[in-house]
Amino acid sequence: MVNLIVASHGDFAKGILMSGSMIFGEQENVEVVTFQPTEGPDDLDKHYQEALAKFGNDDDTLFLVDLWGGSPFNRASLIQQQNPEHTAIIAGLNLPMLIEAYGGRLGMNTAADLAKYLVPVAKDGVKSIPEAEEAASKAVKPDASTAGLKAGHINIKLARLDTRLLHGQVATAWTPDSKANRIIVVSDAVAHDELRKNLIQQAAPNGVRANIVPISKMIEVAKDDRFGSVDAFLLFETVGDVLAVVKGGVPIKSLNVGSMAHSEGKTMVNRVLSMDKADVAAFEELRDLGVTFDVRKVPSDNKANLFELIKKANVR
């Protein structure tokens with residue numbers, strides 16, 4: 001797994017790391033380097049060497065710095081030039097970049113590959129209103145009830161549990177892998193939140209439509225025989241929502257368990273999955289209903305055994 005050094009002028013790096021932890025949970029092998037007004041280049045060099053020493057492994061290291069040409073970038077460049085095969089640098093640090101770095105490094109072993117992946121993600125995270133709203137209004141975003149004209153039931157290509165729902169990793173990795181032509185976010189909470197709905201629709205990858213529907217609508221659509229042209233990628237925010245649709249008759253045979261955000265009272269079972277007893281009970285009920293589980297953050301990951309992770313973590 002690629003190590004990360006987040007570096008900035010002042011305490012920006014500390015703040016963005018805290019924001020990333022709120023969204024993705026605490027991370028291993030991530031160090032912060034700050035360059036304060038009273039410090040000079042030698043101090044910055046010392047901070048970088050201290051950060052590198054803390055990793056204690058031979059994995060690649062990616063420097064995420066705030067400003068191209070600034071002191072954190074320049075001093076990191078000297079380190080990168082000494083070890084170009086195992087280090088890389090990205091300037092222009094923003095929150096989408098950091099969050100995707102957390103997920104992307106789980107499936108990438110080199111700093112260079114991770115850097116190439118993150119640059120377009122970071123650029124795509126820079127948008128403005130009203131431009132984004134105007135672009136969304138011009139796109140064809142039909143409701144799921146009018147989506148298909150071909151006879152037959154909806155074809156579920158992939159069902160994924162991911163607290164972040166539709167984000168860069170889902171758009172750029174899982175959607176192509178699933179061969180889906182429609183992303184459907186299934187959530188009562190999101191379906192009644194206009195802001196989140198708009199953000200999700202704007203995040204849809206080119207050529208793939210996105211819909212946000214409540215649980216009852218998904219159950220209705222699954223029973224309708226007019227959706228044979230829809231190859232669907234279902235996204236769920238909670239395992240409870242997955243259980244509700246399965247009990248309602250939606251034919252989910254396998255669930256990709258991608259990420260479950262950490263919150264108070266939950267136990268981390270691996271780097272990206274956090275759950276409590278209610279979550280475990282829902283997984284057990286899904287298992288009893290015949291659902292299997294594919295625990296992977298990215299398509300290139302090896303599959304993990306969900307219940308072995310739960311047992312080892314001793315979720316209470």
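Bear in mind the structure is a predicted one, so any value in this text is a computation, not a measurement. Hydrogens, waters and symmetry mates play no part in the numbers below; they use all other heavy atoms, side chains included.
Within the 4.5 Å cutoff, no side-chain heavy atoms of Glu31 are placed close to those of Val6. Proximity of Phe12 to Leu93: side-chain heavy atoms (C-beta onward) are separated by under 4.5 Å at one or more points. Contact of the Ile154 side chain with the Met218 side chain is registered, since non-hydrogen atoms from C-beta on lie closer than 4.5 Å. Side-chain contact between Asp59 and Asn109: absent, with no pair of heavy atoms (C-beta onward) separated by less than 4.5 Å. Looking only at side-chain heavy atoms (C-beta outward), Val242 and Val291 stay at 4.5 Å or farther from each other. Asp276 places none of its side-chain heavy atoms less than 4.5 Å from the side chain of Thr267.
Atom-to-atom distance recorded for His47:NE2 and Glu39:CD is 3.5 Å, nearest 0.5 angstrom. To the nearest 0.5 Å, atoms CD1 (Ile90) and CG (Asp66) are separated by 13.5 Å.
For the pair Ile212 and Lys197, the tightest heavy-atom approach, listed with the atom from each and the gap, is CD1-O, 3.8 Å. Scanning all heavy atoms of the two residues, the minimum distance from Phe73 to Leu67 falls at CB-O, 3.3 Å. Taking both residues in full, the closest heavy atoms of Val239 and Asp279 are given as CG1-OD1, 3.5 Å, listed atom of the first, atom of the second, then distance.
Within the structure, every pair that satisfies the side chain to side chain donor-acceptor pair (under 3.5 Å) test and touches residues 80-94, not counting sequence neighbours, is listed here: Asp60-His86.
For Phe293, the ring-ring contact (aromatic ring centres under 6.0 Å, His included) partners are Phe283, Phe307, not counting sequence neighbours. A search for side-chain hydrogen bond (donor to acceptor under 3.5 Å, both in side chains) contacts involving Asn57 returns Asn3, not counting sequence neighbours. The ring-ring contact (aromatic ring centres under 6.0 Å, His included) test applied to Phe63 returns Tyr48, not counting sequence neighbours. Not counting sequence neighbours, the partners of Lys14 by the side-chain contact (heavy atoms from CB on, under 4.5 Å) test are Asp11, Val32, Thr34.
Comment: Arg105 does not engage Glu100 in a salt bridge, judged by the lack of any side-chain N to carboxylate O separation of less than 4.0 angstrom. Between Lys311 and Glu308, no side-chain nitrogen of the basic residue sits less than 4.0 Å from a carboxylate oxygen of the acidic one, so the salt-bridge criterion is not met. Asp231 has no carboxylate O lying under 4.0 Å from a charged side-chain N of Lys157, or vice versa, which leaves the two without a salt bridge.
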May I have the step-by-step check of side-chain hydrogen bond (donor to acceptor under 3.5 Å, both in side chains) for Arg182 and Asn211, ending in yes or no?
CA-CA 8 Å; Arg182 179 68 59 92; Asn211 294 103; 2.7 Å; yes

I would like to know whether Ile5 and Leu62 meet side chain to side chain contact (heavy atoms under 4.5 Å, CB included); could you show each step before the answer?
CA-CA 6 Å; Ile5 292 180; Leu62 176 62; over 6 Å; no

Does the pair Leu17 and Val30 meet the rule for a side chain to side chain contact (heavy atoms under 4.5 Å, CB included), with working shown?
CA-CA 9 Å; Leu17 191 71; Val30 180; 3.5 Å; yes

Report the C-alpha distance between Ser8 and Val65 in whole Å, list the side-chain angles of each, state the deciding distance to 0.1 Å, and finish with yes or no for side chain to side chain contact (heavy atoms under 4.5 Å, CB included).
CA-CA 6 Å; Ser8 71; Val65 305; over 6 Å; no

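Looking only at atom types and distance, the side chain of Ser77 has no donor-acceptor partner in the side chain of Asn74 under 3.5 Å away.
Within 6.0 Å of atom CG in Asn302, 12 or fewer heavy atoms from other residues, nucleotides or ligands are found, so the atom counts as exposed in its surroundings.
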For a quick test of your reading: what N or O donor-acceptor pairs under 3.5 Å do the side chains of residues 247-258 make, sequence neighbours left out?
unit_1 : atom_1 : unit_2 : atom_2 : d
Lys247 : NZ     : Glu285 : OE2    : 3.3
Asn256 : OD1    : Arg160 : NH1    : 2.6
Asn256 : ND2    : Asp294 : O      : 2.9
Asn256 : ND2    : Arg296 : O      : 3.2

